[in-house]
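Numbered from 1 within each chain, the chains take letters A, B, ... in sequence-line order.
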Amino acid sequence: MTTTSISQPHNTLYVSNIDWKVKKPMLKRALHMLMTRHGKVLEVVALRKDGLRGQAFVIFDDVTSATEAMQQENGTLLFGKPLKVQYALEKSDRISKRDGTYVPKAKREKKTNNNSNNNNSNSQSETNVGRENPSTHSEMTATAEGTATTENLVPPPPPPNATTTTTNNNNDQPPSHILFATDLPPECNEMMLAMLFRQYTGFVEVRIPRAGLAFIEFDDEPHATLALQRLNGFQLTTNDALKLTYGKA
DNA sequence: AGCACA
C-alpha cells in the first residue's frame with residue numbers, strides 16, 4: 001500500500017531548486033535550451049512571485065519527451081545547483097486549450113480526491129538511473145590550469161563556406177539575438193567565449209548555465225547572425241568545434 | 001520546501 005502519490009505523467013514538468021539569483025528571461029532561455037534536447041518545448045513558464053522563486057514549468061509537446069527530460073535532467077546541474085525535476089501536478093493551460101478542456105481560472109476546483117483509477121503502466125518501475133554523478137570538479141575557477149587554447153582564440157577564424165549546412169540539432173528556432181553553444185569542452189569558460197565573441201559588433205554577454213552549454217547575447221539579430229556565420233564551426237580545441245544555433249528570444 | 005498560467 002504505497003500511497004505515496006507520485007504525480008502522474010504530464011506534458012508539463014515542475015522544475016525546482018533553481019538558483020533564485022538568475023533573472024527570469026535568462027532562466028527561461030536556459031531551461032528551454034536544456035529541455036529542448038529531449039523534445040519539442042512549447043513554453044517555459046516562470047514566476048517571480050513569492051513562494052515561486054527558483055521554480056519553473058516546462059511544457060512539452062508530448063508526454064514522452066517530458067518523461068525523458070525528467071529522467072535525464074533530474075539532479076543535473078544548472079547554474080551550479082542540482083535541478084529537481086518532476087511532473088507538474090496540474091495540466092498547463094497551454095495543454096488544456098489544445099485538448100479543449102480549458103477551464104478559466106476562477107472556475108477551478110480545489111483538488112478533488114476523486115482519483116479515478118488511472119492504472120499507469122508500472123511494468124518497469126526503474127529505480128533512478130544514478131549514473132550521472134556530477135563530480136565535484138564543478139568549480140569554474142579552472143583558469144589557473146593550463147588553458148592553452150586562449151591563445152588560439154584571438155585570431156578571428158576565416159569564414160567557412162558551408163554556412164547553413166552545419167549541425168542543426170533539433171533546434172528549429174528562428175533567428176534571434178541569442179545564440180546557443182552546445183557540446184562545449186568542459187574547460188571552456190565564460191571568459192574564453194567572451195574573448196571570442198566580443199570581436200563582433202553588438203556582443204552583450206555570455207553565460208554558461210552548465211558545463212558544456214552557453215548562450216551568447218547580442219544587441220540584435222543581425223549582429224548575432226553575423227557572429228554565428230563567422231564562428232560556427234570554429235575549432236575550439238583539436239577535438240571540439242564550436243556548435244552554434246539560435247536561441248529562443 | 002514550494003505547483004502557475006489573467
Looking only at heavy atoms, which two atoms of A:L213 and A:I208 are closest? And how far apart? O-CG2, 3.0 Å

Taking the minimum atom-to-atom distance to the side chain of A:Q86, which one of B:dC3, B:dC5, B:dG2 wins? B:dC3

Find out whether A:H38 and A:E73 are in side-chain contact, i.e. whether some heavy atom of one side chain is under 4.5 Å from a heavy atom of the other. yes

CD1 of A:I95 versus C1' of B:dA4: gap in Å, rounded? 14 Å

All side-chain contact (heavy atoms from CB on, under 4.5 Å) counterparts of A:D61, not counting sequence neighbours: A:K40, A:L42

Among B:dC3, B:dG2, B:dC5, the one nearest A:R53 by side-chain distance: B:dG2

I want to verify a distance call: between B:dC5, B:dG2, B:dC3, whose nearest atom is closest to the A:F57 side chain? B:dC3

A:S16 or A:E43: which one's nearest nucleotide on DNA chain B is closer to the 5' end? A:S16

Taking the side chain of A:L89 as heavy atoms from C-beta outward, which of B:dG2, B:dC3, B:dC5 is closest to it? B:dC3

Interatomic distance, A:K84 NZ vs B:dC3 C1' [rounded to whole Å]: 11 Å

Between A:K49 and B:dC3, is there a side-chain N or O to OP1/OP2 distance below 4.0 Å? no

Round to a whole Å and report the spacing from CZ of A:R98 to P of B:dC5. 21 Å

Under the salt bridge (charged side-chain N to carboxylate O under 4.0 Å, His left out) test, residues paired with A:R207 that sit two or more places apart: A:E190

